[in-house]
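First comes the structure, then the notes that go with it.
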Amino acid sequence: MGNFCCHFEARDKDQAGDQADLSKAIIIFVLGGPGSGKGTQCELIVKKYGYKHLSAGDLLREEVKKRTPLGKEMEGLMKEGKLVPTEVTVRLLRQAMQSSSNHKFLIDGFPRALDQAETFEQEVKPPELVLFFDCPEEEMKKRLLKRGESSGRSDDNEETIVKRFRTFLDCSMPVVEYYERKRKLAKISAVPPPDEVFVEVEKAMDSLPSQQSKASARNDDYETTDAHGAGQLAAA
Ligand SMILES: Nc1ncnc2c1ncn2[C@@H]1O[C@H](COP(=O)(O)OP(=O)(O)OP(=O)(O)O)[C@@H](O)[C@H]1O
Ligand SMILES: Nc1ccn([C@@H]2O[C@H](COP(=O)(O)O)[C@@H](O)[C@H]2O)c(=O)n1
């Protein structure tokens with residue numbers, strides 16, 4: 001694993017010249033156990049609030065598809081429900097952010113461990129908000145097995161699901177606690193149907209300072225408006 005990480009450090013230095021300025025980026029992390037509904041809620045957030053959705057898992061799966069030696073190594077880790085080295089995931093995320101014209105990022109399934117959070121905060125910047133979708137394991141397992149009937153994902157099987165739950169508890173729950181201590185966490189029950197979960201998501205999103213300034217700008221423009229209308233303006 002030592003060589004594996006060094007390889008990425010060397011490539012990072014080569015690419016240091018074309019860094020876009022991410023200092024004004026607005027970042028929201030989206031956390032939750034496997035199958036809690038992160039991706040589902042991200043789609044709804046993008047529609048209403050106009051964020052750029054970056055799924056760490058999707059970025060990793062794209063790398064795996066390239067069938068490079070590194071991709072094959074990552075595939076092995078993902079099938080085992082383990083985490084890919086932080087350098088790899090942070091590099092992929094930073095590259096995707098730098099090539100986006102949108103400065104508002106919804107980062108889904110990241111950080112999954114404390115060192116991922118620390119590295120991202122140092123190399124990019126801290127998040128404004130962290131959404132955490134709370135869901136019992138039995139419900140997540142049921143959803144993932146159902147999704148596995150059509151997803152084609154090599155980790156949507158019973159054996160890997162159990163390992164992913166273990167990784168979530170051991171590595172990712174400390175991240176949830178870290179952002180709770182920093183008062184950045186919005187904990188939302190992921191058990192109700194998606195549209196009901198989204199009502200709670202909207203409350204968290206609408207509390208963001210960047211969102212409130214948009215709402216007040218809209219109030220200045222029009223005599224009457226409501227929270228729903230303000231959100232639609234933000235997405236424009
Ligand atoms: N609130 C919900 N109620 C019932 N089913 C849901 C709900 N939200 C999502 N689902 C379904 O559960 C499955 C998992 O959802 P989704 O892919 O959004 O989860 P995820 O947290 O992004 O998973 P992963 O971390 O494994 O990528 C999907 O088939 C989705 O349609
Ligand atoms: N920050 C991350 C995110 C994901 N992984 C690996 O990818 C797998 C799939 O992730 P999903 O978010 O799509 O469920 C996950 O089980 C990990 O193996 C990672 O290492 N770090």
Side-chain angles (χ1 to χ4, degrees), residues 1 4-5 8 29-46 53-65 70-94 96 106-121 124 127 130-176 188-201:
M1 193 55 72
F4 182 78
C5 295
F8 270 94
F29 288 152
V30 183
L31 305 181
S36 57
K38 301 181 292 296
T40 303
Q41 292 302 317
C42 283
E43 277 183 31
L44 298 171
I45 296 171
V46 166
H53 177 207
L54 293 175
S55 155
D58 284 351
L59 290 173
L60 293 169
R61 279 183 287 276
E62 277 168 32
E63 282 302 299
V64 167
K65 269 198 212 142
L70 188 64
K72 286 181 192 164
E73 197 161 351
M74 281 158 49
E75 185 178 35
L77 290 168
M78 290 164 82
K79 269 195 190 145
E80 280 303 303
K82 292 184 180 158
L83 296 181
V84 167
T86 292
E87 293 84 354
V88 177
T89 314
V90 172
R91 180 179 64 86
L92 291 174
L93 281 171
R94 210 176 47 208
L106 196 55
I107 305 193
D108 170 6
F110 180 94
R112 290 278 243 278
L114 279 176
D115 75 307
Q116 294 189 357
E118 282 159 14
T119 304
F120 188 94
E121 289 199 4
V124 186
V130 180
L131 298 172
F132 168 51
F133 293 106
D134 190 30
C135 197
E137 270 190 19
E138 270 318 298
E139 176 64 21
M140 295 193 281
K141 186 174 171 185
K142 196 177 80 188
R143 291 180 187 178
L144 289 175
L145 290 175
K146 179 87 193 130
R147 188 178 71 181
E149 290 170 12
S150 58
S151 68
R153 276 180 59 163
S154 60
D155 56 355
D156 276 351
N157 63 76
E158 192 147 9
E159 199 186 332
T160 309
I161 289 169
V162 170
K163 292 177 179 167
R164 291 164 73 199
F165 286 159
R166 181 90 236 158
T167 301
F168 178 71
L169 287 179
D170 291 347
C171 304
S172 310
M173 276 313 284
V175 179
V176 171
I188 294 169
S189 169
V191 177
D195 54 336
E196 288 180 30
V197 176
F198 189 63
V199 170
E200 298 307 312
V201 171

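For ligands, and for the atoms within them, numbers begin at 1 and follow the listed sequence. This one's a predicted model, so the numbers in the text were calculated from it and none came from an experiment.
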[atom]: the protein heavy-atom neighbour that sits closest, reported with distance to 0.1 Å:
atom	answer
atom 25 (O) of ligand 1	Lys38 NZ, 2.7 Å
atom 9 (C) of ligand 1	Thr40 OG1, 3.3 Å
atom 13 (C) of ligand 1	Arg143 CB, 3.9 Å
atom 17 (O) of ligand 1	Arg147 NH1, 2.7 Å

Only heavy atoms of [X], strictly under 4.0 Å: list the atoms of ligand 1 that pass.
X	value
Arg164	24 (P), 26 (O)
Gly37	8 (N), 9 (C), 15 (O), 16 (P), 18 (O), 19 (O), 20 (P), 21 (O)
Ala190	1 (N)
Pro192	1 (N), 2 (C), 3 (N)
Gly33	21 (O)
Arg153	26 (O), 27 (O)
Gly39	18 (O), 20 (P), 22 (O)
Pro194	1 (N), 2 (C), 3 (N), 7 (C)

Review point. Quick one: do Lys142 and Glu138 make a salt bridge, cutoff under 4.0 Å?
Key: no

Exercise for review: For the pair Arg147 and Asp156, find out whether any cationic side-chain nitrogen is under 4.0 Å from an anionic carboxylate oxygen.
Suggested key: yes

Contact between [X] and ligand 1, counting heavy atoms under 4.0 Å?
X	value
Gly32	no
Gly57	no
Leu144	yes

Donor-acceptor contact below 3.5 Å, side chain [X] vs main chain [Y]:
X	Y	value
Arg112	Cys171	no
Arg164	Asp155	yes
Gln116	Val90	no
Lys38	Val30	no
Ser154	Lys79	no
Lys65	Gly71	no

Point to revise | Over 12 foreign heavy atoms within 6.0 Å of CD, Glu43 | key: no

Check your understanding: Less than 4.5 Å apart, any side-chain heavy atom of Lys163 and any of Glu80?
Key -> yes

**Study point:** Contact (N/O only, under 3.5 Å) between Glu139 and ligand 1
**Key:** no

Review point. Is there a nitrogen or oxygen of Gly35 sitting under 3.5 Å from a nitrogen or oxygen of ligand 1?
Key: yes

Check your understanding: Among all residues two or more places apart in sequence or in another chain, which pass the salt bridge (charged side-chain N to carboxylate O under 4.0 Å, His left out) test with Asp115?
Key -> none

Under 3.5 Å: N or O atoms of ligand 2 paired with protein N or O:
from: ligand 2; atom 1: 1 (N); to: Gly109; atom 2: O; distance (Å): 3.0
from: ligand 2; atom 1: 1 (N); to: Gln116; atom 2: OE1; distance (Å): 3.1
from: ligand 2; atom 1: 10 (O); to: Arg112; atom 2: NH2; distance (Å): 3.2
from: ligand 2; atom 1: 12 (O); to: Arg112; atom 2: NH1; distance (Å): 3.0
from: ligand 2; atom 1: 12 (O); to: Arg112; atom 2: NH2; distance (Å): 3.2
from: ligand 2; atom 1: 13 (O); to: Arg61; atom 2: NH1; distance (Å): 3.0
from: ligand 2; atom 1: 13 (O); to: Arg61; atom 2: NH2; distance (Å): 2.9
from: ligand 2; atom 1: 13 (O); to: Arg153; atom 2: NH1; distance (Å): 3.4
from: ligand 2; atom 1: 13 (O); to: Arg153; atom 2: NH2; distance (Å): 3.3
from: ligand 2; atom 1: 14 (O); to: Arg112; atom 2: NH2; distance (Å): 3.3
from: ligand 2; atom 1: 14 (O); to: Arg153; atom 2: NH2; distance (Å): 3.1
from: ligand 2; atom 1: 14 (O); to: Arg164; atom 2: NH2; distance (Å): 3.2
from: ligand 2; atom 1: 18 (O); to: Lys82; atom 2: O; distance (Å): 2.5
from: ligand 2; atom 1: 20 (O); to: Val84; atom 2: N; distance (Å): 2.7

